[in-house]
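One structure is given here, and the rest of the page talks about it.
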Amino acid sequence: MSTSQIENPQMKKFVEYGFITISIWIMVIGVYFFKFPNHFSFGGVTGLSPVVSRLTGWSASSFTFWVNMALLVLGFLFLGRDVGLKTVYASVLMSFSLTALERICPLDQPLTDQPLLELIFAIFCPGVGSAVLFNINASSGGTDIIAMILQKHTSMNIGTALLVVDIASVVLAFFVFGPTTGLFSLLGLMAKSFVIDGVIENMNLCKCFNIICDDPDPICEFIIHDLNRSATIYKAQGAFSHHSKTVIMTTMKRGQAMRLRTYIKKVEPSAFILISNSSEIIGKGFLTI
């Protein structure tokens, strides 16, 4: 789920906006079909929407639309171009998608009679969508814009400020919808960050190889020409045998790792291979600072 290997700037931008579109639609499905009907109140503007809808009669989708538009205006006033085209596009797409679904497929009750099942989807779908957005340095707007404003103009702890907004939504849910919905909302608030972190880590997961072998040339050729990766080699000596060895250090995606393991087993079965997982590889072909 990385665009760092795409060299063409126009193609890279096209792919990024494709990811944004898909991730926003995943979020919208989770919010509209599972979060709003059950009045789950956690997570930014869409978390406040069910509470405001119950108190005022204003539909949750309409509230989300107008608040997101207002926050975009505030973003332009206080941040200027720092708001970013990705944030504007994602926020507008989410707002219009929720409004369109409200007209095309109106809901006045949950899809099922299993609130725990629906809570899972209400957490998982927005969590996956948010993880994809964060992974390409984008956001869905909403309270993220407030965070950007606070970051630029104050010394306030942004994480604490956003957490206060989320907790306020959950507390209001206890009073407005009762303890059952309030507890579900609290569970959703606690689980949301774990889902986002887990999805981001899984998307970026790479395999790090340390290959101790006698003949590094065929393996390096395969890494460079077949897998389109690079490697670092250095000399080593066995502590027991005192024989000279070569260590190949390389990192790649999981699919490529399976091919490399199979190839090493074929060309040098006696090679000693250390494989570790990492989700934070910074450099060309992976994440960039």
Side-chain angles (χ1 to χ4, degrees), residues 24 26-75 90-92 94-103 105-127 129-130 139-147 149-150 156 158-196:
I24 287 294
I26 293 173
M27 293 175 69
V28 165
I29 289 172
V31 168
Y32 185 77
F33 288 103
F34 301 104
K35 195 172 184 179
F36 284 172
N38 290 280
H39 311 303
F40 297 142
S41 302
F42 59 89
V45 175
T46 58
L48 283 170
S49 297
V51 175
V52 173
S53 177
R54 172 59 66 89
L55 293 175
T56 65
W58 199 3
S59 75
S61 298
S62 297
F63 174 79
T64 302
F65 177 90
W66 289 110
V67 170
N68 278 341
M69 294 303 102
L71 288 173
L72 278 179
V73 172
L74 283 176
S91 183
V92 170
M94 170 174 268
S95 300
F96 275 99
S97 297
L98 287 171
T99 303
L101 276 177
E102 188 176 46
R103 296 182 179 181
C105 184
L107 291 176
D108 55 4
Q109 62 182 10
L111 292 177
T112 72
D113 59 353
Q114 300 293 324
L116 185 58
L117 176 65
E118 301 212 6
L119 177 65
I120 293 172
F121 282 93
I123 297 169
F124 184 75
C125 291
S130 295
S139 76
S140 59
T143 51
D144 290 340
I145 295 176
I146 297 176
I149 294 172
L150 291 173
M156 185 181 299
I158 297 169
T160 302
L162 294 179
L163 182 62
V164 167
V165 174
D166 286 341
I167 291 176
S169 302
V170 172
V171 171
L172 287 172
F174 274 95
F175 290 102
V176 175
F177 300 114
T180 300
T181 301
L183 289 171
F184 275 125
S185 298
L186 180 60
L187 181 61
L189 177 62
M190 292 187 293
K192 182 183 70 171
S193 61
F194 290 107
V195 171
I196 293 174

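Starting from 1, each residue takes its place in the sequence as its number.
Of the possible polar contacts, one joining the S41 side chain to the H39 backbone as a donor-acceptor pair under 3.5 Å is found.
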Would you give me the side-chain donor-acceptor pairs under 3.5 Å for residues 168-178, sequence neighbours excluded?
from: S169; atom 1: OG; to: V165; atom 2: O; distance (Å): 3.1

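Pairs engaging residues 28-38 under the side chain to side chain donor-acceptor pair (under 3.5 Å) rule: K35-T46, N38-E118 [sequence neighbours left out].
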### Task
Kindly determine whether F36 and S61 satisfy side-chain contact (heavy atoms from CB on, under 4.5 Å), including the steps that lead there.
CA-CA 8 Å; F36 284 172; S61 298; 3.8 Å; yes
### Task
Determine, stepwise, if the pair F40 / I123 fulfils side-chain contact (heavy atoms from CB on, under 4.5 Å).
CA-CA 10 Å; F40 297 142; I123 297 169; over 6 Å; no
### Task
Apply side-chain contact (heavy atoms from CB on, under 4.5 Å) to the pair L116 and F184, showing each step before the final yes or no.
CA-CA 8 Å; L116 185 58; F184 275 125; 4.0 Å; yes
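Annotation for G30 and P126: closest pair CA-CD, 4.1 Å, computed over non-hydrogen atoms. G188 approaches L119 most closely through the heavy-atom pair CA-CD1, 4.3 Å.
In this structure, CG in L107 is found 8.5 Å from CD in Q109, a value given to the nearest 0.5 Å. The distance from the OG atom of S185 to the CE atom of M190 is 11.0 Å, given to the nearest 0.5 Å. The CD1 atom of I24 lies 8.0 Å from the OG atom of S130; values are rounded to the nearest 0.5 Å. One distance of note links CG of L98 with CD1 of I29; it measures 11.0 Å at 0.5 Å rounding.
F121 and F34 have parallel rings, their planes meeting at less than 30° on a 0 to 90° scale where 60° marks the start of perpendicular.
Dense packing is recorded around CH2 of W58, with more than 12 heavy atoms of other residues, nucleotides or ligands lying under 6.0 Å away.
Contact check for L71 versus L74: side-chain heavy atoms found under the 4.5 Å cut-off.
Scanning for side-chain hydrogen bond (donor to acceptor under 3.5 Å, both in side chains) contacts around T180 gives an empty result, with sequence neighbours left out. Judged as a side-chain hydrogen bond (donor to acceptor under 3.5 Å, both in side chains), and not counting sequence neighbours, the contacts of S95 are N68. Scanning for ring-ring contact (aromatic ring centres under 6.0 Å, His included) contacts around F124 gives an empty result, with sequence neighbours left out. Listed by chain and number, the residues in a side-chain hydrogen bond (donor to acceptor under 3.5 Å, both in side chains) with S49 are T64 (sequence neighbours excluded).
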